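Report on the following structure.
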Amino acid sequence: MSKAPVIAAVDGSEHSLRALQWARGAALRHGTGLLVAHVLPDHAQLYAGRRASLHDASEPDEYPDPVHDWVRNMIGGGTELPDGVRYESLEGSVPEALRVIGTGALMLVMGSRGRGGFASLLLGSSSRAVASTAACPVVVVPHAERNGRAAATEESAGRVVLGLHAAETPDDVLSFAFEEAAVRGTTVQVVSAYAVPPAPALVIDRPFEVIPPEGLADEGDGVPAEREMLRSQTQRLAPLRAHYPDVPVEQAAVPGDPAGRLVDASRSAALVVVGRHHPRRTALSLQIGSVAHAVLHHAHGPVAIVPTLGDNV
């Protein structure tokens with residue numbers, strides 16, 4: 001069993017329930033433990049601070065944590081559980097507390113909006129902040145209104161979609177995507193965008209092309225920029241293919257906006273995997289890249305935002 005746990009960030013909302021279910025499945029697939037983390041609300045933290053400062057023995061030792069009971073009831077309902085399920089209440093701001101506890105985790109899973117979020121928001125401020133700063137991969141599970149799958153929180157045979165810039169995406173992002181596909185027994189679909197579009201007549205309502213490696217012979221048809229992108233993909237993916245020989249790979253080269261294509265692909269994907277930011281961005285920056293930002297806000301299924309090993313913000 002891997003020593004690195006899957007962490008589920010919960011707050012008692014329906015969104016975090018979906019994240020907890022997704023995290024449970026991830027821990028089972030990876031054969032590791034599940035840590036359920038809840039950052040106490042401000043009033044609970046104020047209570048703890050007041051009791052500690054006044055040393056009032058007549059007050060209860062702890063402020064009641066209804067989320068603890070909610071989690072215990074949810075995971076105790078006869079569903080299959082990973083070995084080693086733990087619950088931990090945290091203090092501090094949500095992004096900082098989760099950033100600290102996520103250090104060394106296999107991944108941190110959270111809902112796209114929390115209990116306090118406005119219904120109109122596509123992505124909550126806590127989810128965005130954690131995805132921008134955590135040292136481990138962060139999986140954001142969308143709320144039901146955005147979900148393009150009938151049961152996105154359950155184990156799925158859908159593809160793992162990898163957004164790849166062949167020259168710049170860090171190896172950590174590729175490894176995460178291939179490992180997820182391996183434990184799911186599914187395909188990695190690699191999507192890259194090229195800047196030179198084909199003729200307008202070919203762009204309108206044209207689905208992106210999925211080409212296997214054997215389809216890259218010199219005499220094949222295709223837009224030159226598309227074929228060059230597919231060749232670059234093939235070179236970059238070679239070490240991953242060798243390390244994961246049982247994982248099928250589909251390559252797709254698309255004109256124009258990579259984020260829009262990844263959002264489209266998320267409708268039928270089990271997971272979309274993207275790097276957190278451009279590798280030339282400074283490690284101390286709190287921003288995520290434009291592609292990751294757009295996919296997080298608009299994807300119809302779970303999205304994994306993967307940092308590089310040097311990201312320690």
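Heads up: numbering here begins at 1 and tracks the sequence. Quick caveat: nothing in here was measured; it's all calculated off a predicted structure. These values consider heavy atoms only, across backbone and side chains, with no hydrogens, waters or symmetry-generated copies.
The two residues G111 and S127 make their nearest non-hydrogen contact at O-OG, 2.6 Å. In terms of heavy atoms, T133 sits closest to R276 at C-NH1, 3.4 Å. Nearest heavy-atom pair across Q233 and S192 is NE2-OG, 2.7 Å. Taking all atoms of both residues into account, the shortest heavy-atom contact from A4 to T32 is O-OG1, 2.7 Å. Between R18 and P142, the shortest heavy-atom distance links the atoms NE-O, 3.2 Å. Taking each heavy atom of A8 and L20 in turn, the nearest pair found is CB-CD1, 3.7 Å.
Residues E228 and Y194 fail the side-chain proximity criterion, which asks for heavy atoms closer than 4.5 Å. A 4.5 Å side-chain heavy-atom check between V10 and L17 finds every atom pair outside the cut-off. The shortest side-chain heavy-atom distance between R29 and R184 falls under the 4.5 Å cut-off. A 4.5 Å side-chain heavy-atom check between F178 and H243 finds every atom pair outside the cut-off. L35 places none of its side-chain heavy atoms less than 4.5 Å from the side chain of V6. In this structure, Q251 and M229 have side chains that are not in contact, with every pair of non-hydrogen atoms separated by 4.5 Å or more. Put simply, the side chain of V130 reaches to within 4.5 Å of the side chain of M110, judged on heavy atoms. V188 has its side chain out of reach of R159: every pair of non-hydrogen atoms, C-beta onward, lies at least 4.5 Å apart.
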Output, in order, the C-alpha distance, side-chain angles, deciding distance and verdict of side chain to side chain contact (heavy atoms under 4.5 Å, CB included) for L162 and Q189.
CA-CA 6 Å; L162 167 63; Q189 184 178 74; over 6 Å; no
Run the side chain to side chain contact (heavy atoms under 4.5 Å, CB included) test on V140 and W22 for me, step by step, so that the C-alpha distance in whole Å, both residues' side-chain angles and the decisive distance to 0.1 Å come before the verdict.
CA-CA 10 Å; V140 178; W22 199 97; over 6 Å; no
Could you walk me through whether L34 and L81 pass the side chain to side chain contact (heavy atoms under 4.5 Å, CB included) test, one step at a time?
CA-CA 9 Å; L34 174 64; L81 297 177; 5.8 Å; no
Please report the C-alpha distance between V273 and V161 in whole Å, then the side-chain angles of each, then the deciding distance to 0.1 Å, and finally whether the side chain to side chain contact (heavy atoms under 4.5 Å, CB included) criterion is met.
CA-CA 6 Å; V273 180; V161 175; over 6 Å; no
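V160 and Y244 fall within a single hydrophobic cluster, where Ile, Leu, Val, Met, Phe, Trp and Tyr side chains are chained together by heavy-atom contacts under 4.5 Å. In the hydrophobic cluster analysis, where Ile, Leu, Val, Met, Phe, Trp and Tyr join through side-chain heavy atoms closer than 4.5 angstrom, V183 is grouped apart from V249. Cluster membership for V85 and V109, using ILVMFWY side-chain heavy atoms within less than 4.5 angstrom, is shared.
Residues R99 and E96 are paired through a salt bridge, judged by an N-O separation under 4.0 Å between the basic side chain and the carboxylate. Ion pairing between R236 and D171 holds under the 4.0 Å rule for side-chain N and carboxylate O.
Taken to the nearest 0.5 Å, the CG atom of L174 stands 5.5 Å off from the CG atom of L164. One distance of note links CE of M107 with CG of L271; it measures 8.0 Å at 0.5 Å rounding. Atom SG of C136 sits about 12.0 Å away from atom CD1 of I305, to the nearest 0.5 Å. The distance from the CD atom of E179 to the CG atom of L106 is 8.0 Å, given to the nearest 0.5 Å.
Looking only at atom types and distance, the side chain of D11 has a donor-acceptor partner in the side chain of S16 under 3.5 Å away.
A distance-only check finds a donor-acceptor pair linking the side chain of H297 to the backbone of H293 [under 3.5 Å]. A donor-acceptor contact shorter than 3.5 Å links the side chain of T103 to the backbone of V100.
In this structure A37 satisfies the side chain to side chain contact (heavy atoms under 4.5 Å, CB included) test together with I7, L90, L98, I101, sequence neighbours excluded.
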